[in-house]
Protein chains: 2
Amino acid sequence: MTSETDKPDAVDGYLAQWATERPDLDVSPMAIIGRVSRLAALLQVRLDAVFAEYDLQAWEFDVMATLVRAGSPHELSPGSLDRSMMITSGTTTHRITKLEQRGFVTRRRDEDDKRVVHVMLTDAGRMVFDAAQVAHLENERRILEPLSEQHRAMLVNSLRALSGALGDDSDATGAVQKHKSA
Amino acid sequence: MTSETDKPDAVDGYLAQWATERPDLDVSPMAIIGRVSRLAALLQVRLDAVFAEYDLQAWEFDVMATLVRAGSPHELSPGSLDRSMMITSGTTTHRITKLEQRGFVTRRRDEDDKRVVHVMLTDAGRMVFDAAQVAHLENERRILEPLSEQHRAMLVNSLRALSGALGDDSDATGAVQKHKSA
DNA sequence: TGCCAATCTCTTGATGTCAAGATAACTATT
DNA sequence: AATAGTTATCTTGACATCAAGAGATTGGCA
C-alpha cells in the first residue's frame with residue numbers, strides 16, 4: 001500500500017506508534033489526512049517567513065491577492081471577500097479595517113445600494129503586493145524544487161482528486177458550510 | 001503537466017484567474033501548495049463536525065491522542081507536548097488547564113526533578129478519547145471513500161515526498177523552528 | 001404606498017494562539 | 001558550598017478568529 005522507496009517522515013512515525021499502541025485500529029486514513037494537515041502547517045511557516053520580509057501577515061497577503069485576482073478595478077465587497085477566503089464576516093471587517101489603517105485598501109459605500117461597501121486596493125497596496133507576490137512565488141518554487149517532475153504531477157493529480165472527494169468544485173467560490181454535512 | 005481527466009476544482013479556478021490577470025507570472029506552484037492549504041482547511045471542517053458530536057475541540061482530541069500514542073502510562077511533560085504538537089509552551093499550559101478542568105487529564109509534579117510536570121490521561125479522558133477516535137477514523141475513511149486505491153497510493157507517496165522536501169523526517173518530533181530557514 | 005422578509009456590513013464577547021519574559025529548579029564549575 | 005548558566009513550566013498582553021446578533025437598507029407583495 002505505502003511505497004517503501006521514500007524516506008519515512010514524521011507521520012510514518014505516528015502511524016508506527018499507533019500500530020504499537022492500538023494494533024486493532026486501522027489508522028491508515030491518517031497517512032493521507034494527517035499528512036495534509038501537518039504539511040499545511042509546515043508550509044505555512046515557510047511562507048510566513050517570506051511574507052515577514054515584506055512586513056506582511058499571510059492574511060494581509062491573502063486579502064490583497066483576492067482583490068488583485070478579481071481583476072480591474074481590483075475591488076470587491078466584504079461579502080465577496082468572506083466567501084473567497086473561507087472566513088466569517090466579522091473577520092473580514094477586522095481585516096479590512098487593519099489594511100485600511102495601513103493604507104493598503106480603501107472603503108467606499110455603494111451609491112445605488114447603500115448596504116454595500118466596495119473594498120479597493122490602493123496604489124500603495126498594489127505595489128507592496130506585487131513585490132511580495134514575486135518573492136512568494138520564488139519561495140514556493142524553491143520549496144518544491146527537490147521534487148521530481150513526476151512527483152509534482154502526481155501531487156497535482158491526486159490532490160485534485162481529493163478536492164473532488166470533498167466537493168470543492170471550480171465554482172465553489174471559497175464558501176464552506178460548517179456543520180452541514182451534505 | 002496537469003491532467004485533464006479530473007474535474008477542475010476551486011484552485012483551478014484561482015489559477016485561471018491569475019492566468020488572466022497576470023499572464024506574465026508562473027503561478028504553477030500554487031497548484032500544489034495552494035491546494036494543500038485549502039484542502040487542510042476543508043478537511044478540518046469535516047473533522048470538527050465529528051469531534052463536536054463528542055463535545056470535543058480538535059485541539060482537545062490532539063492532546064489526548066498524543067498522550068495515548070505515547071504508550072502506557074499515557075503521560076508526557078508539557079514540554080514533550082509542545083514539541084509533539086507544534087505549539088508554543090503558553091498554548092500547552094492553556095490546553096492542559098482546560099482539559100484538567102474537564103477532568104480528562106491530571107497534572108503531577110515530578111518527585112526527582114521538581115521543574116517537571118507529568119500530564120496524565122484520566123480514565124474519563126481515555127474513555128471519551130477512545131469513543132471519539134473510533135468515530136474519527138470512520139469519518140476519515142468516509143471522506144477518502146470516493147478515492148480510488150490508485151489515487152490513495154499516489155497521495156501517500158507524493159505527500160511523503162513533499163514531507164521530504166520540507167525536511168520533516170521521522171525523528172522530527174513535531175518541533176518547527178520558526179523563521180530559521182535552513 | 002406601506003410593511004415584512006431578505007440582504008449586507010459591522011459589533012460584541014469569548015476563545016485559542018503566540019511572543020516574550022518571569023519564576024523556579026537543576027547542574028556544572030569553581 | 002556558591003554562583004552562573006541551563007532547563008522546564010507558567011504568566012502576561014496582544015491579536016486573529018468565530019458565533020451570534022444588531023443596525024441599516026433594499027425589494028417584493030399585499
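Computed from a predicted structure; not experimentally measured. Letters A, B, ... are given to chains in the order of the sequence lines, protein chains preceding strands, and every chain is numbered from 1.
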Does the side chain of A:T92 come under 3.5 Å of the side chain of A:S89 through a donor N or O and an acceptor N or O?
no
Between C1' on D:dA16 and CD on A:Q44, what's the gap in Å once rounded to a whole number?
13 Å
Treating Ile, Leu, Val, Met, Phe, Trp and Tyr as nodes and any side-chain heavy-atom pair under 4.5 angstrom as an edge, say whether B:L43 and A:V27 lie in one connected cluster.
yes
Matching residue for B:F51 among B:W59, B:F129, B:F61 - test: ring pair (Phe, Tyr, Trp, His ring centres under 6.0 Å)
B:F61
Under 4.0 angstrom between B:T93 side-chain N/O and D:dT11 OP1 or OP2:
no
5'-most contact on DNA chain D (nearest-nucleotide basis), A:K114 vs B:S89, goes to B:S89
With a 4.0 Å cutoff (strictly under), does any side-chain N or O of B:R115 reach OP1 or OP2 of D:dC10?
no
Are any of the side-chain heavy atoms of A:S77 and A:V117 separated by less than 4.5 Å?
no
Interatomic distance where CG belongs to A:D113 and C1' belongs to C:dT7 [whole Å]
8 Å
Can you find a side chain N or O atom of B:T97 that sits less than 4.0 Å from OP1 or OP2 on D:dC10?
no
CG of A:D110 versus P of D:dT25: gap in Å, rounded?
13 Å
Using a 4.0 Å heavy-atom cut-off, does B:S77 contact any base of the nucleic acid, only the sugar-phosphate backbone, or nothing at all?
sugar-phosphate
Strictly by modelled atom types, are A:S28 and B:R152 linked by a side-chain donor-acceptor pair under 3.5 Å?
no
Whenever both distances are under 3.5 Å in a Watson-Crick or G-U wobble pair, mark it; put DNA chain C into dot-bracket that way, with [ ] for crossing pairs and | when the partner is on another strand.
||||||||||||||||||||||||||||||
A:Q150, CD atom: more than 12 neighbouring heavy atoms under 6.0 Å:
no
Tell me: CG of A:D82 to C1' of D:dA16, nearest whole Å?
15 Å
If the test is salt bridge (charged side-chain N to carboxylate O under 4.0 Å, His left out), which one of A:K7, A:R35, A:R38 qualifies with A:D12?
A:R35
Respond yes when some side-chain nitrogen or oxygen of A:R109 is under 4.0 Å from OP1 or OP2 of C:dC8, and no when none is.
no
Please list each protein N or O that sits under 3.5 Å from an N or O in nucleotides 13-17 of chain C, with the distance.
from: C:dT17; atom 1: OP1; to: B:R95; atom 2: NH2; distance (Å): 2.5
from: C:dT17; atom 1: OP2; to: B:R95; atom 2: NE; distance (Å): 2.9
from: C:dT17; atom 1: OP2; to: B:R95; atom 2: NH2; distance (Å): 3.3

Taking all non-hydrogen atoms of both residues into account, name the closest pair between B:E140 and A:P29 and its distance.
CB-CB, 3.6 Å
Find the distance A:E60:CD to D:dC15:P and express it as a whole number of Å.
12 Å
Could you tell me if B:R126 and B:H74 have a donor-acceptor pair between their side chains, going purely by distance under 3.5 Å?
yes
Could you tell me how far apart A:D112 (CG) and C:dT7 (P) are, to the nearest whole angstrom?
19 Å
Grab the NE2-C1' distance between A:H118 and C:dC8 for me, whole Å please.
12 Å
Rounded to the nearest angstrom, tell me the gap between atom CZ in A:R83 and atom P in C:dT7.
11 Å
